[in-house]
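Right, one structure below, let's go through it.
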Amino acid sequence: MKKINLLSVALTVCLPFILQPAQAQFAKPDAAISYRQSALTLISSHFGRMQPTIKGATPYDAAAINANIDVLKTLSNLPWAGFIEGSQAGSNAKPEAWSDAAGFKQAQQKFQLAVVKLSEASGTGDLEKLRSAYGDVGASCKACHDSYRVKK
Ligand code: HEC
């Protein structure tokens, strides 16, 4: 009985926060833009640092690669909440990220799936498999950038 009461108290206190839309996390469009750009910068860093191993320039340290891919997996979920309505101006996102929301969402999911596959490949400890999965992640970055990011 006591447990149930505690649970309902906890839910009453927490639900309003849980149910808030992603939008509410950002006070202004600028905050959403810097959030997503920061997340993408981190993604780029954690993706790019594996390149020497992929290229065979540094030895394949499976434990380090696995740990890094775990971070990348978490990061791959983050930027998208920052693409709130009305936050295109002043960023390098194309209007298509909003006008073609379904396609943009699909590009996110392709990328996230490619990162999951990268994680599976790294689990095998087989550098050739890692290489191929790494290439697929890179292709998913590029595909999204081609359609939804302003070329510089
Ligand atoms: C689903 C689409 C999508 C995917 C997948 C994606 N990006 Fe991007 N990326 C964007 C968009 C859109 C922007 C522009 C964001 C802005 O300016 O608000 C961007 C911006 C960036 C930036 C610049 C951030 C800044 O500080 O302005 C970097 C770096 C970047 N992406 C790297 C990557 C890498 C590396 C990957 C893959 C490992 C990747 N992105 C995957 C859409 C994507």
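Atoms considered below: every heavy atom in the structure, side chains included; atoms not considered: hydrogens, waters and symmetry mates. One-based numbering, in listed order, for ligands and for the atoms of each.
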(request) Look at the N, O or S atoms of H145, main chain and side chain alike, and state whether any lies under 2.8 Å from atom 8 (Fe) of ligand 1. (result) yes

(message) Checking a contact table here: which protein heavy atom is nearest atom 35 (C) of ligand 1, and how many Å away?
(response) S44 CA, 3.7 Å

(request) Output yes when E120 and K117 qualify as a salt bridge under the 4.0 Å nitrogen-oxygen rule, no when they do not. (result) no

(message) Show the atoms of ligand 1 that are less than 4.0 angstrom away from any heavy atom in F83.
(response) 12 (C)

(message) Show me which atoms of ligand 1 lie under 4.0 Å from any heavy atom of F111.
(response) 5 (C), 37 (C), 38 (C)

(request) Give the residue and atom name of whichever protein heavy atom lies nearest to atom 11 (C) of ligand 1, and the separation in Å to one decimal. (result) R149 CB, 4.0 Å

(request) Check whether any side-chain heavy atom of I69 lies under 4.5 Å from a side-chain heavy atom of M50, and answer yes or no. (result) yes

(message) Can you report which non-hydrogen protein atom sits closest to atom 26 (O) of ligand 1, along with the distance?
(response) T41 OG1, 3.2 Å

(request) Heavy-atom contacts with R36 under 4.0 Å: which atoms of ligand 1 show up? List them by number with element. (result) 16 (C), 18 (O)

(message) Can you report which non-hydrogen protein atom sits closest to atom 19 (C) of ligand 1, along with the distance?
(response) L40 CD1, 3.4 Å

(message) Suppose I only count heavy atoms of C144 and a 4.0 Å limit; which atoms of ligand 1 are within that range?
(response) 1 (C), 2 (C), 3 (C), 4 (C), 5 (C), 42 (C), 43 (C)

(request) Under 4.0 Å from a heavy atom of N92: give me the atoms of ligand 1 that qualify, with their elements. (result) 14 (C), 16 (C), 17 (O)

(request) Please tell me if the side chains of S91 and Q37 come closer than 4.5 Å, counting only heavy atoms from C-beta onward. (result) yes

(request) Please identify which atoms of ligand 1 are closer than 4.0 Å to at least one heavy atom of Q108. (result) 1 (C)

(message) Under 4.0 Å from a heavy atom of I43: which atoms of ligand 1 are those, numbered in the order shown and with their elements?
(response) 38 (C)

(message) Would you say that F26 contacts I33 through its side chain, given a criterion of any heavy-atom pair below 4.5 Å between the two side chains?
(response) no

(request) May I have the step-by-step check of side chain to side chain contact (heavy atoms under 4.5 Å, CB included) for L72 and L118, ending in yes or no? (result) CA-CA 10 Å; L72 190 61; L118 178 66; 4.1 Å; yes

(message) Could you work out, for atom 36 (C) of ligand 1, the closest of G90, G82, C141 by heavy-atom distance?
(response) C141

(request) Answer yes or no: is there a side-chain heavy-atom contact under 4.5 Å between I54 and L130? (result) yes

(request) Starting from atom 12 (C) of ligand 1, locate the nearest protein heavy atom and write down its residue, its atom name and how far away it is, to 0.1 Å. (result) Y148 O, 3.4 Å

(request) Taking all non-hydrogen atoms of both residues into account, name the closest pair between S87 and W98 and its distance. (result) OG-CZ2, 3.5 Å

(request) Give the atoms of ligand 1, by number and element, whose distance to some non-hydrogen atom of F104 is under 4.0 Å. (result) 1 (C), 2 (C)

(request) Please report which non-hydrogen protein atom sits nearest to atom 25 (C) of ligand 1, along with the residue it belongs to and the distance in Å to one decimal place. (result) Q37 CB, 3.6 Å

(message) Quick check on E96: does its CD atom have over 12 non-hydrogen neighbours (other residues, nucleotides or ligands) under 6.0 Å away?
(response) yes

(request) Check whether any side-chain heavy atom of I65 lies under 4.5 Å from a side-chain heavy atom of Y134, and answer yes or no. (result) no

(message) If you define the side chain from C-beta out and look only at heavy atoms, does anything of F47 sit under 4.5 Å from V115?
(response) no

(request) Please state whether A97 comes within less than 4.0 angstrom of ligand 1, counting heavy atoms only. (result) no

(request) Record the part of S140 in heavy-atom contact with ligand 1 below 4.0 Å; permitted values are side chain, backbone, both and neither. (result) backbone

(request) Would you indicate whether K94, at its atom NZ, is surrounded by more than 12 heavy atoms from other residues, nucleotides or ligands within a distance under 6.0 Å? (result) yes

